[in-house]
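Note sheet for the following structure.
Quick note: numbers below take in every heavy atom, side chains included, and nothing from hydrogens, waters or symmetry partners. Whatever order the structure lists ligands and atoms in, that order sets their numbers, starting from 1.
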Amino acid sequence: MSDFIPYGRQSIDEGDIQAVVDVLRSNYLTTGPKVEEFEQAVADYVGAKYAVSFSNGTAALHAACFAAGIGSGDEVITTPMTFAATANCVLYQGGTPVFADINRDTYNINPNDIEKNITSKTKAIIPVHFTAQPADMNAIHAIAEKYDLVVIEDAAHAIGAEYQGQKIGSLSDMTMFSFHPVKHITTGEGGMITTNDETYHNRLKQFRSHGITRDREHMNDDHGTWYYEMQSLGYNYRMTDIQAALGLSQLSKLNDFITRRQRIVEIYNEAFREEPEIVIPYMNPDVTSSWHLYVIQLDLDKLSGTREDVFKALREQHIGVNVHYIPVHLQPYYQQLNHQKGDYPVAEALYESFITLPLFPDMTDEDVQRVIHTVKQVMSRFRKKG
Ligand SMILES: *Cc1c(COP(=O)(O)O)cnc(C)c1O
């Protein structure tokens with residue numbers, strides 16, 4: 001039987017391994033020179049002034065909500081078509097996540113729906129660049145300006161993606177990247193916030209280290225050279241030098257990873273464009289996707305089987321399909337917070353038809369052909385006769 005092809009996985013080479021081993025032989029294991037180097041490298045790559053690293057992307061989102069001043073009574077608008085962490089970070093700060101439905105073509109948050117959900121309590125918008133196709137940032141920024149809102153981009157999928165020729169990471173107040181192993185580059189676990197704003201930068205750094213500052217300029221008192229101050233309630237959300245060294249090594253290969261992902265997507269699109277039961281991803285001419293996920297829609301009216309039948313048939317052939325995402329508001333925890341099924345009909349309907357196919361840089365041409373062949377075989381098996 002052929003090997004299992006997962007929907008995504010990391011690419012690690014000897015250079016990555018050596019970079020980690022070198023740190024293990026050095027003086028610093030936790031937050032030291034490699035962390036600063038990695039932060040500077042990510043800031044340079046995306047074209048932002050500052051970058052602050054975190055132990056993971058979820059911690060980074062939490063810090064961004066803190067830096068934005070989100071607290072009890074504040075509403076933050078985001079998309080239901082995302083991983084739960086995008087909305088959870090608002091709850092961590094005592095705020096209220098509010099969802100806006102998505103666009104039928106791009107699967108990203110619909111700016112018209114954002115505007116419909118704005119109240120006097122709205123404080124921020126968290127758009128997600130779903131699968132790495134950037135959201136409609138011009139429209140989102142126009143709304144943010146009109147209602148004086150902070151914009152935090154969840155770019156966990158989207159390092160290297162471009163919006164109207166500009167890299168994601170410097171367009172909004174803050175942008176979050178994740179370095180989980182299925183994302184474009186990995187640090188094992190890790191996250192980053194990029195920003196051009198000095199105040200946000202200072203708040204982010206304080207939050208990730210217990211709310212403590214050692215910067216004398218910002219202190220209330222001075223007991224001596226040993227003195228530091230805890231000025232806010234922070235966490236231990238720091239990245240280690242071990243992680244940062246891996247991140248630096250990975251970042252040097254990011255453009256090659258993206259090129260390979262884009263090539264695989266071209267081959268998939270070519271193969272599936274004429275398949276009557278499949279809707280391939282929409283290609284927005286305003287943006288360049290760095291392709292985190294390849295999500296197709298099944299036209300279930302044309303199939304004799306259900307999505308579950310198709311999913312199981314592909315898994316039986318060792319194709320590691322997945323589903324991104326179960327809309328967040330349908331999760332039991334969010335249902336108990338009074339979100340209703342039926343509230344976001346576009347996201348709910350698309351969820352019913354989505355399947356994610358394998359996509360990662362180390363996929364061989366044979367892997368890609370095996371996925372195509374197996375998907376076509378399964379489609380013809382469930383094709384409605386007549
Ligand atoms: C991965 C991911 C996160 C969380 O990142 P972690 O590093 O796993 O904590 C948040 N939002 C989206 C859309 C993600 O895909």
For atom 1 (C) of ligand 1, what's the nearest protein heavy-atom neighbour? Residue, atom name and distance, please.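 Ranking protein heavy atoms by distance from atom 1 (C) of ligand 1, first comes Lys183 NZ, 1.5 Å.
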Atom 5 (O) of ligand 1 - nearest protein heavy atom and its distance: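 Ranking protein heavy atoms by distance from atom 5 (O) of ligand 1, first comes Ser178 OG, 3.4 Å.
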Close-contact set for ligand 1 against [X] heavy atoms, below 4.0 Å:
X: Thr86; value: 11 (N)
X: Gly190; value: 7 (O)
X: Thr58; value: 4 (C), 5 (O), 6 (P), 9 (O)
X: Met176; value: 10 (C)
X: Thr82; value: 13 (C)

Can you find an N or O of [X] that's nearer than 3.5 Å to an N or O of ligand 1?
X: Val128; value: no
X: Asp154; value: yes
X: Tyr325; value: yes

Taking NZ, NE, NH1 and NH2 as the nitrogens, is one of them in [X] or [Y] under 4.0 Å from a carboxylate oxygen of the other?
X: Lys253; Y: Asp16; result: yes
X: Lys376; Y: Glu277; result: no
X: Lys384; Y: Asp301; result: no

Whether Lys167 engages the ring of Tyr45 as a cation-pi pair (distance to the six-membered ring centre under 6.0 angstrom, angle to the ring normal within 45°) should be assessed.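 Judged by the rule, Lys167 and Tyr45 form a cation-pi pair.
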Donor-acceptor pair, distance only, cut-off 3.5 Å: does the side chain of Arg238 make one with the backbone of Arg208?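 No; zero donor-acceptor contacts below 3.5 Å.
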Under 3.5 Å, is there a donor-acceptor pair between the Tyr344 and His329 side chains?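 Judged by distance alone, the side chains do not pair up.
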Criterion side chain to side chain contact (heavy atoms under 4.5 Å, CB included) against Lys49, the qualifying member of Thr194, Thr195, Asn196: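 For Lys49, the side chain to side chain contact (heavy atoms under 4.5 Å, CB included) check succeeds only for Asn196.
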